[in-house]
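Heads up: numbering here begins at 1 and tracks the sequence.
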Amino acid sequence: MSTIEAIFYAAFEASQKKYQRLLESNQISHMNSNNHLIDQNNLIHLLWLFGHQRAATFKAAQNEGAPAPSSDEGKEMQREMRKQKGTWRQLRHKEDERRLREKNGLKEEKKEPTIKEGV
């Protein structure tokens with residue numbers, strides 16, 4: 001089940017519970033049950049909004065050249081991001097710094113004169 005479906009069904013169940021409590025407390029009558037049906041139909045608008053949000057997310061990922069968030073690759077990428085410390089940019093800078101230190105270390109080794117034995 002997707003997050004969207006889970007939220008929709010949770011909202012639907014909450015709406016049913018609210019309606020039952022109102023009926024039990026005699027705050028509404030069975031005559032007003034049509035209003036409850038209208039409230040439940042409004043949940044469809046919630047799905048419509050989620051659909052637009054999902055489409056926008058997919059389009060943004062496509063424009064950035066990243067995998068779609070709900071694809072297996074996208075989910076794996078999100079898992080990896082949660083495991084690492086810092087953002088991808090910080091991680092890239094850390095890797096750049098490591099390469100720079102290695103490069104500078106190699107330069108230092110070349111500068112050191114070697115002592116020839118037996119001369």
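Side chains of R54 and S70 form a contact here, defined as non-hydrogen atoms less than 4.5 Å apart. The side-chain heavy atoms of M77 and P67, taken from C-beta on, include a pair separated by under 4.5 Å.
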> Given the rule in the side chain to side chain contact (heavy atoms under 4.5 Å, CB included) test, do H93 and E97 qualify, once you have shown the distances and angles that lead to the verdict?
Replying inline: CA-CA 6 Å; H93 289 312; E97 180 183 4; over 6 Å; no
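Hydrophobic clustering, defined by side-chain heavy atoms of Ile, Leu, Val, Met, Phe, Trp and Tyr closer than 4.5 Å, groups W48 together with L49.
Taken from OG in S15 to OH in Y9, the straight-line distance is 14.0 Å, to the nearest 0.5 Å.
Within 6.0 Å of atom CZ in R99, more than 12 heavy atoms from other residues, nucleotides or ligands are found, so the atom counts as buried in its surroundings.
Legend: salt bridge (Lys or Arg N to Asp or Glu O under 4.0 Å) pairs involving residues 64-78, not counting sequence neighbours, sorted by first then second residue: E76-R79.
A salt bridge between R98 and E102 is present, with a side-chain N of the basic residue lying under 4.0 Å from a carboxylate O of the acidic one.
Side-chain atoms of S25 come within 3.5 Å of backbone N or O of R21 as a donor-acceptor pair.
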